[in-house]
Protein chains: 2
Amino acid sequence: MSYTDQYIKEAEVRPSKRDELVRKALEIFYREGFHATGMDLLAAETGISKTTMFKHFSSKEELILAVLRLRDQEFRNCLFRRMEQAGRPRAQLLAMFDALSEWFGRPEFRSCMFIKAASEYPDPRHPIHAQSAEHKRLLFLQLQKIAADAGARDPDALARALLLLKEGAIVTAHLGHEADPAGDAKAAASIVLAAALDS
Amino acid sequence: MSYTDQYIKEAEVRPSKRDELVRKALEIFYREGFHATGMDLLAAETGISKTTMFKHFSSKEELILAVLRLRDQEFRNCLFRRMEQAGRPRAQLLAMFDALSEWFGRPEFRSCMFIKAASEYPDPRHPIHAQSAEHKRLLFLQLQKIAADAGARDPDALARALLLLKEGAIVTAHLGHEADPAGDAKAAASIVLAAALDS
DNA sequence: TTATAAATGGACCGATCGGTAAACTATATC
DNA sequence: GATATAGTTTACCGATCGGTCCATTTATAA
């Protein structure tokens with residue numbers, strides 16, 4: 001049973017404090033940072049008692065893992081649904097950058113939760129780091145499929161290049177002085193895409 | 001007096017425990033994380049007493065700022081020196097990705113310290129976050145100049161695109177399953193560069 | 001050798017950390 | 001109403017947190 005199946009199994013349980021906790025914790029961890037958010041602060045901000053937290057999760061890190069699973073699901077669902085709206089595969093690939101642009105424009109935008117998780121848990125063997133890497137791998141698989149559908153001669157390479165631009169745009173949007181990282185990324189993606197689809 | 005001038009002024013003071021501390025702290029913060037490294041642990045790992053640390057820096061965050069300044073200097077110096085070795089401006093731009101590839105292959109590689117700092121101090125107004133952003137801005141300025149020297153029609157846009165690929169490659173190298181993020185980025189950069197230099 | 005500056009060790013501070021346990025409250029079901 | 005379950009409050013735990021202070025030791029310069 002992969003971790004995705006595990007998440008589906010958990011979702012069969014009816015809405016509960018557990019779900020509420022994960023949802024709220026996601027927002028706070030994203031805004032403040034994982035280590036920088038203590039469990040007392042989390043209890044105060046979520047309105048959920050520490051006892052309840054530790055009833056549902058055996059440790060803070062287990063809670064973080066649940067948060068990452070939720071974020072992975074919602075992010076990939078939203079992103080690929082938004083891309084699908086663009087119609088044909090080629091347009092979908094470029095629409096990823098429109099989706100990024102919309103995300104960057106939100107007041108709560110603060111980079112990518114998985115980049116944050118990997119930064120705060122830098123050991124690749126740590127479960128939190130590993131789960132962040134898994135999110136990126138799933139992203140790649142989905143994008144590779146669309147690149148193949150778009151008729152790329154080398155869907156792997158194209159997907160990889162587009163993801164580089166995606167990650168670069170996220171970091172730059174969080175850290176740079178650039179006016180339109182998503183637009184810059186889209187422009188570069190257009191060039192790379194044209195080269196990848198030329199016969 | 002900009003922060004760069006401030007750093008130069010500090011460097012006029014002769015080698016000291018202070019410099020040793022900053023150098024060693026850089027390694028430990030980079031490996032373990034900022035919040036995850038307490039001052040007791042830092043003292044134990046650096047062999048420098050907490051009293052001495054607090055004699056030279058009024059707070060942990062001031063130490064972190066000094067660490068970031070050092071890292072900024074050494075990173076940009078090394079990167080641009082490495083690029084210069086490639087000769088002509090166009091080759092220099094592509095050599096950035098060779099430099100990245102060499103960096104990624106080092107056992108101590110764990111992403112970019114400034115991405116880490118921004119992740120752990122996500123508020124753009126925080127001095128640590130602001131200094132990380134400044135590092136990226138200085139990088140951009142230097143790259144823009146080389147792009148202009150290479151004859152790009154729009155040096156700004158080219159520099160921005162190349163930096164997107166650079167940041168994407170760093171994140172991917174730290175988080176992805178890809179075999180050669182720097183190589184992928186270089187391939188994409190070649191395509192973008194060709195388009196940018198075409199008359 | 002002596003004087004001075006720098007650094008250390010050790011103890012301390014109030015606060016927070018992740019986590020535990022018992023008594024109590026709220027809610028749903030029979 | 002009785003019972004079971006979920007959740008809360010409150011206090012607690014040992015440990016660590018960033019930071020302070022003083023007596024002592026070490027390093028450096030003359």
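In what follows, every chain begins at residue 1, and chains take the letters A, B, ... in the order their sequences are listed.
As judged by a 4.0 angstrom heavy-atom cut-off over every strand, S58(A) is placed among residues making no nucleic acid contact.
One interatomic measurement links the two molecules: CG of D19(A) to C1' of dG7(D), which rounds to 15 Å at whole-angstrom precision. Remark: P of dT9(D) and CG of D40(A) are 13 Å apart, rounded to the nearest angstrom. Regarding L42(A), its CG atom lies at a distance of 12 Å from the P atom of dG19(C), rounded to whole Å. Rounded to whole Å, atom P of dC17(C) lies 16 Å from atom CZ of F34(A). Between the P atom of dA6(C) and the CD1 atom of I48(B) lies a distance of 15 Å, rounded to the nearest Å. Whole-Å rounding puts the K50(B) NZ to dT20(D) C1' distance at 9 Å. The NZ atom of K17(B) sits 14 Å away from the C1' atom of dG9(C) (whole-angstrom rounding). Between I64(B) atom CD1 and dG18(D) atom C1' the separation is 11 Å, expressed in whole Å.
Residue F54(B) has its side chain nearest to dG19(D) when only dG19(C), dG19(D), dG9(C) are considered. Distances were taken from every side-chain heavy atom of T51(A) (C-beta onward) to each of dC22(D), dA7(C), dA22(C); the shortest belongs to dA22(C). The listed nucleotides are dG18(D), dC22(D), dA7(C); the one nearest the side chain of M39(B) is dG18(D).
For the OP1/OP2 pair of dT8(C) and a distance below 4.0 Å, the side-chain nitrogens and oxygens of K55(B) include no atom meeting the criterion. Look at H56(B) and you'll find a side-chain N or O under 4.0 angstrom from OP1 or OP2 of dA7(C). At least one side-chain nitrogen or oxygen of S49(A) sits closer than 4.0 Å to the OP1 or OP2 atom of dT8(D). For the OP1/OP2 pair of dG18(D) and a distance below 4.0 Å, the side-chain nitrogens and oxygens of K60(B) include at least one atom meeting the criterion. Using a 4.0 Å cut-off, some side-chain N or O of T52(B) falls inside it from OP1 or OP2 of dT8(C).
Between Y121(B) and H129(B), the ring center distance fails the sub-6.0 Å criterion. A centroid separation of less than 6.0 Å is found between the aromatic rings of F75(B) and W103(B).
Checking A36(A) against M53(B), the closest nucleotide of DNA chain C that is more toward the 5' end is the one next to M53(B).
A donor atom on one side chain and an acceptor atom on the other are not found under 3.5 Å apart for E62(B) and H56(B).
We find that R69(B) and E74(B) are not joined by a salt bridge, their nearest charged nitrogen and carboxylate oxygen being 4.0 Å or further apart. With salt bridges taken as basic N to acidic carboxylate O contacts below 4.0 Å, one links R137(B) and E134(B).
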